[in-house]
Amino acid sequence: MSIYDKLNQQQKEAVFQTRGPVLILAGAGSGKTSVLTHRAAYLLDEVGVRPYNILAITFTNKAASEMRERIDNLIGFGSQDIFVSTFHSMCVRILRRHVDYIGFDNNFTIYDTDDQKQVMRDVLKKLDIDPKKLKERTVLNAISSAKNELVTPEKFAIGSGGDYTRSLISKCYFEYQAALHKNNAFDFDDLIMKTVELFTEHPEVLEKYHERWTYIMVDEYQDTNTAQFELVRLLADTKDKNLCVVGDDDQSIYRFRGANIRNILDFEMHYPDAKVIKLEQNYRSVQTILDAANAVIRNNAARKNKSLWSKNGEGEKIRFLQLDTASEEAETIADSIARNVRKGLCKFGDNAILYRTNGQSRLLEERFVKENIPYRIVGGINFYSRREIKDLLAYLKTVDNGKDDLAAKRIINIPKRGIGATSVAKVQTAADNLGISFFDTLSCLDKADIKGATAEKLRSFETMILRLRAVNAAEGPAKLLREILDITDYINQMDVDSEEEADERIGNIEEFLSKVTTYCEEHETPTLTGLLEEIALVADIDSLDESEDRVLLMTIHSAKGLEFDNVYLAGMEEGLFPSYMSVTEGEEGIEEERRLAYVGITRARKNLTISSARARMINGETQFNAISRFVHEIPNNLFDNPPVRRKSYDDDSSYRFRRDSGEDTFGGGYRRNRDSDDYSGFRRDSDSDDYSGFKRDSDRDDYTGFKRTADVEAPYNPYSSKPRAFYSSKKTPEEEKPFISKASALGSLTKGSEMASGSKLKAGDRVRHIKFGEGTVLSVVKEPRDDKVTVQFDTAGQRVMYASFAKLQKL
DNA sequence: CACAGGTCTCTTTTT
DNA sequence: GAGACCTGTG
């Protein structure tokens, strides 16, 4: 009995085919990770390859760590030397080693989307381009596409020809790259392109990797873009070409980020002696779900023909729900899950709600909170792009990489130090003239012709950073972060509009602190550079703990590679899914959306529920959308209640604006037009173009009887990754534990004993604050996290602060 | 220089 | 509807 006995015929074939190029077309749920891990085992055990010589590339950290784990379980000793990594991490590793060949320092920073935007804004300003004429986004998109296609600024310029806009973008591209270089930074796309550049211009470096990685496997090959394709091609460009790629052309859903489906469709063209193996047996889903998936994807022209089948039985029919509004959709889904759990049919964690856009999570979340259903939202606003976290990161980056002007400029006046835009601009000009970084300019302000009070403020900022560098060198990133929070008094200096906001942000800071602490504990030699790199490259999905018993909410993109017993595909409406953008784009766009639908459907093991709403508010306007074409592509006999075919909302004569059952929607929820009582703004004449695009004005939806989104209470930040709702009123032990340790971690931040513990303060006490001066305590509210003190300052007004952070001295 | 209030604009999806 | 951005005022 060997470990390979459990594999089916095709899987075995894929595992045993170790020489030369191999293309494994692995349908959804066909056990491709199993094939890859067994293949690694086979290479080690039977072919005698050393683990050090094997490279496995994935797209997400989650996929990488999953593969790592499964390889470790299967192989055990020695497996840790197999290099399992994402494209981006691998490139960072390579660049950190050899980036000096192409003129960067090896402690380079990785810029995220916000950073890119900031750089581009500066570029547009510098080139005196009207941002209304040419948007940052447009330019950045063009540059990103260029990089994904390995088009350098030089090549881009040549390709511009007489096209005015394009030559303008070309100028921006040059300037943008220059700015990144100056800041010693790469953007995401650079990581791949610059690695290719390194290998192309310095074959001796590539040669080292040829010697090392003699067997290469690439997962999710259908999502590779041209740059990644070229990178793989270079790495595998050895005598033997032992390259094994695994993918499913039907699951190619990253065209928007340059993925080129031709890479997988044309694999045999690039490698004529490639062996092709199809895995079509599905081990995940019941046949009904596979039939639905097959029926949908069959409508795509550009694909390799294959058809999934399983031995898991027919299973339940697919449910279809059409609701009047998106809130009712959310309500129905939440109720359905709650009912099934109550009946003991499933756990919360067996359910996932998948949608096309992150924005759809809001209503669902509100409903889940209302019904006390435990849930977790994956994705949306990245944790690290919250304002307070970005501020703290900018501190860390400034300490780490003094060339990162972006970071230094972000924090030079956070918290407020009385350094305004004028002073910043002055320093920047001087820096440009001197050819040094923004931060380095602070040490020679006399050359910059900055004197007096401003110079003093700037110098003290510089001194602070230098001091922080010493802290980092001596005690590492975790201590550094605490020191930053401490000496800037960041938490009390945040300007917030409400207590809720303060709570939210303090919670985020706590979470950040605990993440940094964890990083330091988990790494033998934790470094600031390493920490920042890890932060730059993680996705929300990477840290998903599937053992939690919570309903999962995420986009279909995020759900790729995952599976659940019960899947709810929400918001299946024309204009939303397929998206309006892709509809206007034509057939290629639709085919990509259809693949996405295929990915969504095939996430389900047992039960699939598809829903759509007749009306939904998007970007402040109510849209009336027809049922998604993809729903209609599923044969009626697979549904328990097939959807009614209808071309668009207006064709449905049975539908009326006012709901028959009136009740509470017209009660508390109903509001008249904000601006006037005049109904004339509401035209329902059929020649009005309002209807052609399925769109209407937000002001008009009042008349439809639908709830306005604003009328629904929204006490929670939908983007917070922190859990906010629990099914029982008691917190689970898992929730309590880190909570306490975080709080104590924060407690240790404060220096001296006289300030902390708010319990010592009471209403009426006179106190002194380091910045706000003297004041009187109005109230002290005990909170689990920390005591919240409200102080009426004599000169600085009323402030709410957290006792252990506020340097409040009792008088 | 800081802040309040008004205007404008919406990448669908993410490493 | 919400956040980013701009502008005028103290």
Side-chain angles (χ1 to χ4, degrees), chain A residues 57-64 85-92 110-114 117-118 121 131-132 135-138 140-141 144 147-148 186-192 220 223-225 227-228 252-259 354-360 362-363 378-382 385 387 413 415-424 453-454 457 495 497 536-542 554-560 571 575-585 589 592-593 595-596 599-600 617-622 674 698-699 701 708-712 714 717-719:
Chain A
I57 312 175
T58 63
F59 270 85
T60 64
N61 294 293
K62 185 174 168 57
S85 170
T86 65
F87 269 104
H88 291 88
S89 310
M90 175 181 79
C91 289
V92 171
I110 301 163
Y111 275 177
D112 66 19
T113 323
D114 283 345
K117 267 198 222 156
Q118 193 58 51
R121 281 188 55 190
K132 279 183 194 112
K135 291 201 202 80
E136 295 146 30
R137 182 132 274 154
T138 315
L140 284 169
N141 277 341
S144 176
K147 288 180 176 179
N148 287 332
F186 291 120
D187 65 21
F188 276 115
D189 302 315
D190 276 338
L191 295 176
I192 314 284
E220 306 279 13
D223 289 330
T224 52
N225 59 37
Q228 288 159 335
S252 172
I253 56 174
Y254 282 106
R255 201 166 68 109
F256 69 92
R257 99 185 166 196
L354 310 182
Y355 36 76
R356 180 65 181 83
T357 67
N358 282 304
Q360 291 168 253
R362 219 192 90 189
L363 289 174
V378 176
I381 295 271
N382 186 314
S385 48
R387 201 186 336 160
N413 200 31
K416 302 251 151 50
R417 299 185 175 92
I419 302 169
T422 325
S423 309
V424 171
T454 312
K457 290 177 203 160
D495 55 337
D497 296 332
L537 298 178
V538 291
D540 201 15
I541 190 81
D542 295 336
M554 66 183 97
T555 61
I556 301 172
H557 281 92
S558 292
K560 191 154 81 126
L576 184 62
F577 191 11
S579 79
Y580 176 72
M581 303 284 280
S582 63
V583 173
T584 52
E585 196 183 344
E592 170 110 343
E593 296 280 309
R595 290 192 291 271
L596 193 57
V599 169
M617 187 178 283
I618 294 171
N619 284 346
E621 74 181 354
T622 303
R674 295 169 278 207
S698 57
D699 286 326
D701 64 332
R708 298 181 65 100
T709 319
D711 296 327
V712 182
N717 178 345
Y719 296 126

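What you see below is based on every heavy atom in this structure, not just the backbone, and it leaves out hydrogens, waters and symmetry mates. Order of the sequence lines fixes the chain letters, A, B, ..., with proteins taken first and strands second; residue numbering starts at 1 for each chain. Predicted model only: the values in this text are computed from it and were never measured.
- Remark: the A:Ser144 side chain and the A:Asp189 side chain contain an N/O donor-acceptor pair separated by less than 3.5 Å.
- Distance noted for atom P between B:dT13 and C:dA4: 16 Å (whole Å).
- Looking at heavy-atom distances under 4.0 Å, A:Arg595 makes no contact with the nucleic acid at all.
- Backbone-only contact: A:Ile419 has heavy atoms under 4.0 Å from sugar-phosphate atoms and none from a base.
- If you check every strand for non-hydrogen atoms under 4.0 Å, A:Ser423 touches sugar and phosphate atoms only.
- Phosphate proximity of C:dG3 to A:Arg387: absent, as no side-chain N or O sits under 4.0 Å from OP1 or OP2.
- In this structure, A:His88 has its ring center at least 6.0 angstrom away from the ring center of A:Phe59.
- Every residue two or more places apart in sequence or in another chain that forms a side chain to side chain contact (heavy atoms under 4.5 Å, CB included) with A:Ser89 is listed here: A:Asn61, A:Ser85, A:Thr86, A:Leu537.
- A:Phe87 pairs in a side-chain contact (heavy atoms from CB on, under 4.5 Å) with only one of the listed residues (A:Ile192, A:Val92, A:Leu191, A:Thr60), which is A:Ile192.
- Checked for salt-bridge contact, A:Arg255 and A:Glu585 meet the test: a charged N lies under 4.0 Å from a carboxylate O.
- Summarising the geometry, the separation between CD on A:Glu136 and C1' on C:dG3 is reported as 14 Å, rounded to the nearest angstrom.
- Side-chain contact check for A:Thr357 and A:Gln360: at least one donor-acceptor pair (N or O, by modelled atom type) lies under 3.5 Å.
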Protein N or O to nucleotides 10-15 of chain B N or O, pairs below 3.5 Å:
| residue | atom | partner | partner atom | Å |
| --- | --- | --- | --- | --- |
| B:dC10 | OP2 | A:Lys135 | NZ | 3.2 |
| B:dT12 | O2 | A:Arg356 | NE | 3.0 |
| B:dT12 | O2 | A:Arg356 | NH1 | 3.0 |
| B:dT12 | O2 | A:Arg356 | NH2 | 2.7 |
| B:dT12 | N3 | A:Arg356 | NH2 | 2.8 |
| B:dT12 | N3 | A:Ser579 | OG | 2.4 |
| B:dT12 | O4 | A:Ser579 | OG | 2.8 |
| B:dT13 | OP1 | A:Asn358 | N | 3.2 |
| B:dT13 | OP1 | A:Asn358 | ND2 | 3.2 |
| B:dT13 | O4' | A:Arg356 | NH1 | 3.3 |
| B:dT13 | O2 | A:Arg356 | NH1 | 3.4 |
| B:dT13 | O2 | A:Arg356 | NH2 | 2.8 |
| B:dT14 | OP1 | A:Thr555 | OG1 | 3.1 |
| B:dT14 | OP1 | A:Ser558 | OG | 3.2 |
| B:dT14 | OP2 | A:Asn358 | ND2 | 3.3 |
| B:dT15 | O4' | A:Arg257 | NH1 | 3.4 |
| B:dT15 | O3' | A:Phe59 | O | 3.0 |
| B:dT15 | O3' | A:His88 | ND1 | 3.4 |
| B:dT15 | O2 | A:His88 | NE2 | 3.1 |

